[in-house]
Amino acid sequence: MHRKNVTGQEFTHVARSRRVYAHAHDYHINSISNNSDGETFISADDLRINLWNLEISNQSFNIVDVKPANMEDLTEVITCAEFHPTHCNTLAYSSSKGTIRLIDLRQSALCDNHAKLFEEHEAPGSRSFFTEIIASVSDIKFARDGRHILSRDYMTLKLWDLNMDSGPVATFQVHEYLRPKLCDLYENDSIFDKFECCLSGDGLHVATGSYSNLFRVFGCSPESVEASTLEASRNPMRRQVADPARPARTLTGAVRRGGENTSVDASGNSCDLSTKLLHLAWHPTENSIACAAANSLYMYYA
């Protein structure tokens with residue numbers, strides 16, 4: 001009988017640049033999105049969105065330009081851009097004023113005019129110094145069905161129906177417990193943190209990150225009241241908090257889930273602002289989610 005030795009091998013994966021698409025942006029690129037045609041992609045910075053062909057690295061087409069003639073007149077910047085999952089001529093981009101614009105590349109070479117504008121109008125008398133800051137959209141994602149867009153601002157997640165631009169069809173409270181501390185968050189720059197969002201492949205759940213390495217998962221079907229808080233750690237259920245709030249219908253027909261008693265812990269204590277979960281992604285077909293916390297990547301499967 002021959003004895004076989006079992007040895008372990010550690011593979012090191014090295015990223016290698018195949019092509020560099022350079023000299024098309026004057027500001028930091030905030031988002032990149034592949035087109036469903038498999039041939040093109042977009043890159044966006046604060047003021048411009050460029051369209052590239054994957055095979056041509058030395059030339060791009062500027063399709064959105066919000067730079068004013070005088071930079072002193074600048075009132076908003078582009079925060080994120082993404083192609084529609086199936087319509088190669090359609091893309092959406094968000095702005096620092098809390099708006100999402102849907103544009104059709106067939107309209108003109110430079111898409112100065114949007115096909116649809118999605119925004120939630122603020123209640124009369126509710127405006128404050130922080131209103132525009134917390135309304136800035138940090139991330140948008142199309143649902144796989146192509147009919148809905150999920151957006152994340154500092155306080156909430158919002159789900160939009162492309163066929164209804166009067167307001168979001170659902171709003172999920174994420175940081176409402178931080179509203180009394182906006183002054184402190186402004187002083188330490190935490191109010192400018194950019195949290196990402198994601199949707200499950202079946203479109204029934206949405207998720208986003210928060211502080212203390214927490215992430216929140218919400219059910220987004222009309223009758224769902226599901227809301228879970230999990231910690232990105234080896235024991236994700238350790239910080240799970242039940243959400244007793246029931247959804248309430250608003251005049252616009254949107255569902256507003258969670259409330260002021262929805263906080264990181266049951267007593268509403270402040271969270272650890274030094275640990276934040278900014279990046280996460282849902283698998284397009286499987287019910288698994290990847291979360292990046294500090295220098296660790298956590299994968300969860302439900």
Side-chain angles (χ1 to χ4, degrees), residues 21 24-25 29-57 59-66 76-95 97-120 137-153 157-170 196-208 220-222 253-254 280-286:
Y21 305 85
H25 290 277
I29 296 172
N30 56 44
S31 52
I32 295 174
S33 178
N34 288 320
N35 197 345
S36 60
D37 63 9
E39 299 178 355
T40 57
F41 71 95
I42 53 171
S43 58
D45 64 24
D46 286 354
L47 300 179
R48 292 187 175 95
I49 300 177
N50 293 329
L51 177 68
W52 301 81
N53 186 294
L54 287 167
E55 301 300 324
I56 304 173
S57 60
Q59 183 183 34
S60 65
F61 298 95
N62 179 222
I63 55 175
V64 175
D65 190 343
V66 300
E76 66 179 326
V77 296
I78 299 167
T79 57
C80 186
E82 181 166 275
F83 263 119
H84 190 280
T86 56
H87 298 164
C88 61
N89 56 281
T90 303
L91 64 93
Y93 72 91
S94 57
S95 83
K97 280 197 169 182
T99 61
I100 301 172
R101 291 176 172 85
L102 196 70
I103 61 175
D104 189 335
L105 297 179
R106 297 170 297 184
Q107 290 183 340
S108 63
L110 184 63
C111 301
D112 295 325
N113 299 316
H114 52 265
K116 284 190 177 182
L117 176 66
F118 301 92
E119 62 180 333
E120 186 172 33
V137 178
S138 57
D139 191 26
I140 58 172
K141 291 289 191 305
F142 274 100
R144 287 190 70 200
D145 62 9
R147 179 176 173 177
H148 295 89
I149 295 179
L150 181 68
S151 68
R152 174 71 153 96
D153 56 47
L157 275 173
K158 292 184 174 73
L159 189 66
W160 306 80
D161 188 326
L162 296 189
N163 297 325
M164 192 179 81
D165 54 7
S166 58
V169 294
E196 294 179 359
C197 60
C198 60
L199 302 95
S200 60
D202 58 13
L204 298 179
H205 294 86
V206 296
T208 190
C220 56
S221 58
L280 75 174
W282 214 302
H283 193 282
T285 57
E286 298 178 4

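As a basis for the values below, the full set of heavy atoms in this structure was taken, side chains included, without hydrogen atoms, waters or symmetry mates. What you see is a predicted model; the values in this text were computed from it and never measured.
- Residues forming a ring-ring contact (aromatic ring centres under 6.0 Å, His included) with Tyr21 (at least two apart in sequence, or on another chain): Phe41, Trp52.
- Ser43 and His25 get closest at one heavy-atom pair: OG-NE2, 2.6 Å.
- For the pair Ser36/Phe83, no side-chain contact is recorded, criterion being any heavy-atom separation below 4.5 Å from C-beta on.
- Residues Pro168 and Leu159 fail the side-chain proximity criterion, which asks for heavy atoms closer than 4.5 Å.
- No donor-acceptor distance shorter than 3.5 angstrom exists from the side chain of Ser33 to the backbone of Ala81, with no hydrogens or angles considered.
- Here the CG atom belonging to Leu105 is positioned 7.5 Å from the CG atom belonging to Asn35, to the nearest 0.5 angstrom.
- Ion pairing between a basic and an acidic side chain is recognised when a charged N comes within 4.0 Å of a carboxylate O; Asp104 and Arg106 show such pairing.
- Taken to the nearest 0.5 Å, the CG atom of Asn50 stands 12.5 Å off from the OG1 atom of Thr40.
- Looking only at side-chain heavy atoms (C-beta outward), Leu102 and Thr90 come within less than 4.5 Å of each other.
- The NZ atom of Lys116 sits 12.5 Å away from atom CD1 of Ile100, with the distance rounded to the nearest 0.5 Å.
- Contact detail for Glu120 and Trp160: the closest heavy-atom pair is N-CH2, 3.8 Å.
- A distance-only check finds a donor-acceptor pair linking the side chain of His283 to the backbone of Thr285 [under 3.5 Å].
- Across Pro85 and Ala143, no two heavy atoms sit closer than the pair CG-O, 3.5 Å.
- For the pair Thr208 (side chain) and Glu196 (backbone), a donor-acceptor distance under 3.5 Å is present.
- Listed by chain and number, the residues in a side-chain hydrogen bond (donor to acceptor under 3.5 Å, both in side chains) with Asp46 amount to none (sequence neighbours excluded).
- Counting heavy atoms from C-beta on, the side chains of Ser95 and Arg101 come closer than 4.5 Å.
- Distance check: Ile32 CD1 to Glu82 CD gives 12.5 Å after rounding to the nearest 0.5 Å.
- Residues Trp282 and Gly201 come closest through the heavy atom pair CD1-N, 4.5 Å.
- The line from CD of Glu39 to CD of Glu55 is 9.0 Å long, rounded to the nearest 0.5 Å.
- Judged by distance alone, the side chain of Asp139 and the main-chain N or O of Cys197 form a donor-acceptor pair under 3.5 Å.
- Asp65 places no side-chain N or O within 3.5 Å of a backbone atom of Ile49 that could act as its donor or acceptor partner.
- A 6.0 Å sphere centred on CG of Asn113 holds no more than 12 heavy atoms belonging to other residues, nucleotides or ligands.
- Going from atom CG of Asn34 over to atom SG of Cys88 covers 13.0 Å, rounded to the nearest 0.5 Å.
- Contact annotation: the side chain of Val66 never approaches that of Val77 to less than 4.5 Å [non-hydrogen atoms, C-beta and beyond].
- The closest donor-acceptor contact from the side chain of Thr99 to the backbone of Glu119 lies at 3.5 Å or more, if one exists at all.
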Step by step, work out the side chain to side chain contact (heavy atoms under 4.5 Å, CB included) result for Leu91 and Ile63. CA-CA 11 Å; Leu91 64 93; Ile63 55 175; 3.8 Å; yes
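- With contacts defined as side-chain heavy-atom distances shorter than 4.5 Å, the pair Leu162/His84 qualifies.
- The minimum heavy-atom distance between Ile149 and Ala92, with the atom names listed, is CD1-CB, 4.0 Å.
- Contact record, Ile103 with His114: CG2-CA, 3.9 Å, taken as the closest heavy-atom pair.
- The closest side-chain heavy-atom distance from Leu199 to Arg144 is not below 4.5 Å.
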